[in-house]
Every structure is written in structure tokens, then in C-alpha cells.
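In what follows, a single structure is set out as C-alpha cells and then discussed.
Order of the sequence lines fixes the chain letters, A, B, ..., with proteins taken first and strands second; residue numbering starts at 1 for each chain.
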Amino acid sequence: MSDMLLEVDDLRVTFPTRTGLVQAVRGVSFSLGRERLGIVGESGSGKSQTGRAIMGLTPPQAEVSAKKLAFDGIDLLSVSPRQRRSLRGNRIAMILQDPKYSLDPVMTIGRQIVETLRTHEKVSKAEARERALAMLQAVQIRDPARVFDLYPHEVSGGMGQRAMIAMMLVTGPELMIADEPTSALDVTVQLDVLKILDKLVAERGMGLIFISHDLRLVSSFCDRVVVMYAGKVVEQIKASELRDAQHPYTRGLLNCMPRIGFERHPLPVLDRKPEWAA
Amino acid sequence: MSAETIQSRRAWLLSDRPASRLQARLGRAYVSWRRFSANRLALVGMLIIIALVVVAAFADVLAPYSATVGDLKNARLLAPSAEHWFGTDDLGRDIYSRIVYGARWTLYVVILVAIIAAPIGLLVGTVAGYAGGWTDTILMRITDIFLAFPKLVLALAFVAALGPGIENAVLAIAITSWPPYARIARAETLTVRNSDYIKAVQLMGASPFRIVLRHIMPLCISSLIIRVTLDMAGIILTAAGLGFLGLGAQPPLPEWGAMIASGRRFILDQWWVAAAPGAAILIVSLGFNLLGDGLRDALDPRSGDQ
Amino acid sequence: MSVADNQPATAGRGSDRAVAFASSIGRFLVIAVTTYLGLLAVTFFIGRVIPIDPVLAVLGDRAPTAVVERTRREMGLDLPWIEQFYIYVKSALRGDFGTSVLTTNPVMSDIRRVFPATIELATLGTLIGAIIGVPLGVLAAVKRGSLIDQIARIVGLIGYSVPIFWLGLLGLVLFYAKLQWIAFPARLDVVYEYTFTPITGFYLLDSAIQGQWDVFHDAWRHIVLPAALLGYLSLAYISRMTRSFMLNELAQEYIVAARAKGLSETRIIWGHALRNAAVPMVTVIALSYANLLEGSVLTETVFSWPGIGLYITNSLQNADMNAVLGGTIAIGSVFIAINLLSDLLYRLLDPRTKAG
Ligand SMILES: Nc1ncnc2c1ncn2[C@@H]1O[C@H](COP(=O)(O)OP(=O)(O)OP(=O)(O)O)[C@@H](O)[C@H]1O
Ligand SMILES: [Mg+2]
């Protein structure tokens, strides 16, 4: 087998709607080792649907197809739903955008972390609690024992997102998909959360897919960047070589990033050409 | 009409850039209608209500026998037959004919309740919403108090004091059914009260009375109609319940609830006397419920949870 | 949403909460008191203002003149209305609703006697409605658009549209007359009326406590049909509301998160979505219980069930105004109390509203 963690070849996600078929993802291909891959693109370009298709969280009405979709040599499209589920949250994890909506509001944070653990591993209650507390510590929550018993609405957004990371990392997954993990947070805490994520990914040698529409953030945080437009990959590039990007869409995204000290008039407008989507 | 004219008419209705206010309004109505008529159950409901109205209007033609005078000597408590489709009751009256005439009383009740209760609710709600402050607090407290009452029991007590009879039953039901309308009207008023449109009217010097009457009330009508339609079944059931208890329509009126009450005495042997009017109530309430659901889903896409 | 969102929620929890809790209790009391006063004002209006001669309304027109005069004085009809109302409220709070002409007992003692029968019926009805209605609503939401969803919808719509007294009569024809599965309309067979001594007034419970299983069986055969009918009404309401709450919860992000954790669908539906839906469900079940208390008026009449509903309708037929209004206040009070309690319960169950 290959030493690739994840191989995606010609991934397609199609939604049937009242007005016809909507192709949210149209032939995305990339592969991933134990590295950090960023996916950028404007809103609606299919980033989330790509991530969800890998997780197996595509809505039931949608159709997923691919020439190859394999995680650690396991063909994700042909395994049973049961096996797929045992991968989810165990070996592949996902962080969602907004902790305010993605944590169960009527369950304490501690129980939600313990729940992930006990779904995938046979551990005693006491041990699960210990590991959950340790995990809360690892995401730099100062008073884990107290936060353990809090409800999601009782913590701030930043702390909620750390709890979310703890909930998803407690099983020690090998691949983490982070779908705009900081977009819903205050700028002041965005960096804290990113640093924690960065550190954990590095320490544990995980593969990471980092979805964002912030190209600068992605380029500073990831090893490689996939640029998506209208459901397709228009460019794959090393983060360090981003300045030399070829594709006009990528260049457009780069130009839109404000830089201190440069006054620019008029403000650049993102160029879109139909042929890029073809 | 050729296919092309239909096609172009549809295009005119669905135009993205309506040229006149009329076109926009018709276009919106057409879209709602398409959504409504795609819902088969709602169409069934509408058919039932249309049938009710037709039966009530042409009762004289549709009913083969008198609703009040029966053949006491030869036709008491006959089982359903070709001659008497639903059988006859203890006074020898044809039950089918009585049900046909009963449609009139059903319509009478729902229409009267609607035109008493809906305006009360509309007035209370719009005034409370527009005036705000103490007026709002007090009116809404009263509304909530009425909302917290058991409706049927209260209607019973009202009729007990007013005396039995279909008019008093209507009054009692109306008194107990306005609060939800007030709530709805207030909510709608609050959403438009601070709009630029109302501000403009205020600046033009319109009196509050005129603003509420001419500019706010019309905006509440469509949600009110949906709610009233959804309530119709409840009104029919309450009226029938009062009739069943002998508090609503009095004999010999062919009101369905009262007919069930009179059939109750023979229920074990001549079950059809009570069965037919009850089925009529069930069908008509079902019709209103289906229609109301359909209207709500068509006019208010937010609540489209089916 | 709540204030705690943008702060670590470390400071000021205790005192803030205490204040919020006190103010929500205060609000609760204001609502309870005004609603109850409103109920009394309406019954006062019905009993004293509408009738041309309230004394005749209370006593009927065959009462001796002496009694009429005494009652007139007792009711304080010569006083101004506001004072009359004050006296009315005072005696109502004491539980004094006058005397029933029909039974010659104080109305309050009559009510105390008949109420357990209604409670027993409504409780059993709500139990049936919730035990079937909640799972039905959940399944309908999970398998939206499927056969079971359609069935739930039709069952619910018919429940909303059917005259309960008619269904009861048909039920009697079928299950009592034809199939003989159930007992004739009453609460117990006559044989047991004399051998059985109730303790709480809930016959199923009483007979079970005393180990009188023959009585239990008989009581069951009497209650099962009316309770099933009320259960159907409550099922219609509960299943429909459950479905709509569940659809709402299943569309939330935390459901996606739960799936991403690798939880089974069963666990997601019953452990997460339903747990969240349970908070508003409590209100719905309480409301449905209150509605059944009211719905019992018609059901009890059909099944000769000696509860408050039958008491009111019997009194109505005999123009026994004190009893009618006393019964109305009794049902109204319980109805209001359940409404308010469900609101309170909602606050207790939802961690987000604990602060008020
Ligand atoms: N349930 C759905 N039904 C139909 N189409 C959908 C559905 N979900 C997503 N899509 C389509 O898929 C496309 C891609 O959606 P996706 O959520 O992946 O975008 P995104 O790149 O994550 O955007 P954003 O930055 O806004 O999150 C959208 O344009 C949308 O039209
Ligand atoms: Mg997205």
C-alpha cells in the first residue's frame, strides 16, 4: 500500500434539487501525507462539501463518486457504513466552524468529550473522565475540572472551540479536517486557537486538512495549498511558493489581501472567468 | 387559448421585473397558488369546503325530504336504504336531508364566529402593537389571561348564563377564540410599526386611528386568514360539542352536533342515526384542517416542514 | 443569545443568577395572580352580570321567597359591583363557591369528590398519548416523507378533526355492544360500588394497593375506552409537535458534529436530538394534559364517567349555576396551574434558561 494517508481522485458530489442537479464538487483530486494541507476558495466553491465527503457526512440525498477515495489504504466508498462510522471520530476527525451551534447545548462539555471516547474505545468511566480532563488540559483550558461540568452556553466562543478540538482529538485521530475552525471567533482568540491546533497537530504527527477562505492564514499555517473554484481544483501549490502562483484566480486571491503600508486605489476586485470552472 | 398565450401569460406572471404593482401582486399570488396546488391534500381540503358551500347553497335542491318534518307513522328509525340513504331518525325524518340542511348551520356558525372574533383580535392586537407602552402591556395581559382559559368549559359557562341557542353558542365561542388573533396581529404590527413606510405616513400627518385602520390592519390580514382557517375545525368541533350537550342549536334545527345527541338514545340498536352527522363533522373539520395547513405552507414558506 | 457568550463566565455567576431567578419567580407570581383573578372576573361576570336576576340563576325559580331573600343578602347583591367582586374573590379563595341546588352539598365538596375521577382519566389518557405519540413523532421526523410519516400525519389530522363524543359513541357500539370487550359506561360495576373503598380516589391505584385485582380488572374495563380516546387526542397533538421539534433539532450543526464523532444514528436521534427536543416537549405534554382535562367534559358525558365534566353538564341541565361556575373555576384553576408549571419546568430543564 502507499504511505499516503489520504488519496482523493476525481471526487464528485452532486445534489439533486428542484431546478436540476447541482454539482457542488466536480472532480477534486489531491493526496495527503502526514502534513498540513490548506483548502481555500471563495464561498460556495465546495470546500466544505469536499471535507464532508471525506468524512462520510454528505447529506443522504446527495451522490458521491470518485475514482479513488482512500484513507490509509481503506477504500472509503466501498466499506460498510458501520466501518465508516468506526473511522469517524476515531481515526478521522472534524472540527466544525461555530462552537455555539456544533456543541450539544443540553449536554455538559465533559460528557460530550467522554462520549466520543467511549464510542470508540472500551474504557471505564473513570478512565474516560481522566483522559477527557487531560485533553482539556492539552487544549490549554486552565481549569479543566470546572469546564468539564459546564454547558456549552456557559463558556466563551474561544473556549467552546477548544472544547470542540478536545472532543475531536481525544481519540487520537490520524487525520483532522478543520472546516474554518476560527471563522466564528473573535480575532483576538483566533490566533490562540490556531496555535493550539498547530501544536497538537505537530506533536501527534497528524495529517491536517485546513479549510478556509483566508489565503494568508492558510499560507502561514499549512505546508501545501489547494485552491478551489466552483467545485474544482484550479491550483495546487506549496505554501512557500504561493508568491509565484500561476493561476489568475490564485493571483486574484493574493491581490485581494490587504497589506499594511500599501495604499491601493481602486480596491482590487476578484476576477472570475467561466473557463476556469470548465 | 393556445399553448403560446398560456406560456407567455405564465412568463408575465413570473417575471423578475414586474412592470406594475398589479403584476407583482398577481405574480406573487400565482407562485403561492402553484405551491398550494402542488399539495394534493390541501386541494382535497379545498374541494371539501367548496362542496360544503355548494351543499349549503343548494340544500333545497339536494335534499329530497324536509329537514324538520318527518313521517312519524311509517318511517321511524329506518336503516339506510335506497330511499333513505342514511336512514331515518326517531321522528321519521330523513337523515340525509337533515345533514344537507345542517351544512347551512355549520357554515352559519363558522362564518359568524370568524366575523366576530377576527375583528376583535385584529383590533386588540394592532392597537396594542401600535400604541406600545402601558396599553400594550394591559391588552396583552388580558389576551394572555383569556389564552390560559379552557375554551370549551368557558364557552359552556357562557351559554349556561346566556341560555341555550345557536346564537349564544356562536357568541360564546367567539368570546373565547379571539386571543390568538390578537397575538398574531400584534406580532405583525410590531414588524411594520417602525418601518420607513409607516414613518412616511406618519409624517404626512395621518392620525394613529387612520394608520392602524388603513395601513397596519391590511398587512395583518393574510396571516390572520391562515390562522382563522386553521381554527375553523376547532370552532366546528366546539359548536358541535355544545349542540351535543343541548346548549347549542335547539330542536328541530338540523345541527349536526344536536343530531348526534338525539341519536345517542338509540346508539346501540340504530347506530346510523348518530353515525352519519358525526361523519359529516369529521369530513368538514378535516377539510378545514387540510386547507389551513396547505394555506400556511403556501403563504408562509418559513413553516414548510413537510 | 445569552449574556455568557462572550465572557469566560467565571465571575458573577452566583449573584447574577440569584437576581435573575428571583425576578423570574416574581414575574411568574404576577402572571399566576392576574390570570387567576381574570378567571374569577370572567366567572363573576357570567354568574352575576349576565343573568337578570342572579339569585334566580342560582336557585331556580321555584325556591321559597325566604330562601331567595337570604341568598340575595348572602351574595351581597345590594352592594356596588366592585365590592361584590371583592367578596366573591375572597370566598373563592376560601374555596367557597356556594351550594349546589342539585346535590344540596357545598360545591367545593362536590368538586373534591368528583375531581379524582377526571384526573385519573386525563392522566391515563396523557400517558397513552405520550408513550405512543413521542416515538411516532420521532420516527415521522427521522423518516420524513416515508410511509410512517404519512400515517402519522393522517392519524394526527383525524385526531384534530374528529368529534370525540361521536367517536366515543361509535366505540361503545363496537367494543361494548358488539364485541363485549369493555364494560358498560360507568366507573365500576354496581357490585363493586359497595364492596370497594377508595383511598386516593384513583380506582386503578386504590384497587392495586389493596390487592383487589378483581376490582382493578373491572375498573380497567371501564376506563380503557374513554382513556384510549383521550389518549388519541393527545397522541395527535404530541406526535405532530414532536415531529416538528425533531425536524428542527435534526437540522442543527451539533447533529453533524455528533455524526463526525462517529456516534450511531440511534444514539444521535434518541440521545442528542430528542434530549434537546425534550425541553419544549415538556410544555407540549403539559398542555395536552390540560386540554384533556377540558376534553373530559364531553368524554365523561358519553361514558357516564362521574368526574368534573359530568358534574358540570349535569348541573347545566338543571340550571345549577353555582355548580357550573364552581366546576369551571376548578378546571380553569388546574388548567392555569398546569400552564404555569410547564413554563417553570421548561426553565428548569433547559440549561440555557436556568439563569432566567
Ligand atoms: N444541501 C444542499 N443542497 C443543494 N446544494 C448544496 C447543498 N449543500 C451545498 N450545496 C451546494 O454546494 C456548493 C458548495 O457548498 P460548500 O458548503 O462546500 O461551500 P464552501 O466552499 O464551504 O463555502 P463557504 O465558504 O461559504 O463555507 C454550494 O454552492 C451549494 O450550492
Ligand atoms: Mg463551508
Side-chain angles (χ1 to χ4, degrees), chain B residues 41 45 141-142 144-154 156-164 172 175-176 230 233-234 236-238 240-247 256-257 260-261 263-264 267-269 271 274-275 277-279 281-290 293 303 305-306, chain C residues 31 34-35 37-39 41-43 45-47 49-51 57 141 144-145 149 153-154 157-158 160-167 169-170 172-173 176-177 243-244 247-248 290-291 293-295 297-298 301-302 309 312-313 315-317 319 321 324-325 327-328 331-332 334-336 339-340:
Chain B
L41 285 178
R141 197 74 276 280
I142 292 175
D144 284 348
I145 287 172
F146 265 84
L147 219 44
F149 287 162
K151 278 172 64 168
L152 176 70
V153 176
L154 211 62
L156 269 177
F158 264 115
V159 184
L162 295 168
I175 290 174
T176 52
L230 280 170
I236 290 173
L237 291 181
T238 311
L242 290 176
F244 178 71
L245 295 175
L247 295 172
W256 295 342
I260 299 178
R264 184 181 172 191
I267 187 73
L268 295 186
D269 299 310
W271 53 268
I281 298 175
L282 170 60
I283 291 171
V284 172
S285 325
L286 199 58
F288 275 115
N289 274 329
L290 292 173
D293 271 359
S303 67
D305 67 301
Q306 47 165 318
Chain C
I31 290 177
T34 50
T35 311
L37 275 183
L39 176 68
V42 170
T43 53
F45 180 80
I46 292 173
V49 184
I50 297 180
R144 184 180 185 182
D149 189 15
R153 190 183 160 109
I154 300 288
L157 272 169
I158 292 179
Y160 274 100
S161 314
V162 75
I164 176 98
F165 48 94
W166 174 74
L167 207 55
L169 289 172
L170 294 191
L172 279 177
V173 172
Y176 168 61
R243 176 181 183 275
S244 114
L247 281 180
N248 184 29
N291 283 331
L293 281 183
E294 175 177 53
V297 174
L298 289 164
T301 315
V302 171
I312 291 181
T313 45
S315 311
L316 270 172
Q317 247 98 51
M321 216 45 200
V324 171
L325 292 178
T328 306
I331 292 190
V334 178
F335 195 92
I336 293 170
N339 265 314
L340 289 167

Review point. Within the distance-only criterion (no hydrogens, no angle test), does the side chain of C:Gln317 pair as donor or acceptor with the backbone N or O of B:Leu245 below 3.5 angstrom?
Key: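 Pair found, side chain donor or acceptor close to backbone of B:Leu245.
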
Check your understanding: Are any side-chain N or O atoms of C:Trp166 and backbone N or O atoms of B:Ala274, one a donor and one an acceptor, separated by less than 3.5 Å?
Key -> yes

With a 4.5 Å cut-off on heavy-atom pairs, point out which of [options] contacts chain B the most.
options	value
C:Leu293, C:Leu298, C:Val324, C:Val334	C:Leu298
C:Ile336, C:Leu167, C:Leu169	C:Leu169
C:Leu170, C:Asn291, C:Thr301	C:Thr301
C:Thr34, C:Asn339, C:Val302, C:Asn248	C:Thr34

Heavy-atom pairs under 4.5 Å with chain C are the metric here; pick the option from [options] that has the most.
options	answer
B:Ile281, B:Asp144, B:Leu152	B:Leu152
B:Gly257, B:Ala279, B:Gly287, B:Ala261	B:Ala279
B:Pro277, B:Ala275, B:Ala240	B:Ala275

**Study point:** Pairwise distance CZ(B:Phe146) to OG1(C:Thr35) - rounded to 0.5 angstrom
**Key:**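 OG1 of C:Thr35 is found 11.5 Å from CZ of B:Phe146.
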
Revision key, fill the gap. One should read off an interatomic distance between C:Leu39 CG and B:Ile145 CD1, to the nearest 0.5 angstrom, of 9.5 Å

Revision key, fill the gap. What one should report as the nearest heavy-atom pair of B:Leu237 and C:Ser161 is CD2-O, 3.5 Å

Review point. What part of B:Phe288 is in contact with chain C, defined as an atom under 4.5 angstrom from a non-hydrogen atom: side chain, backbone, both or neither?
Key: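 Looking at B:Phe288, nothing touches chain C.
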
Point to revise | Engaged part of C:Leu325 at the chain B interface, taking heavy atoms whose separation is under 4.5 Å | key: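 Interface part for C:Leu325: side chain.
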
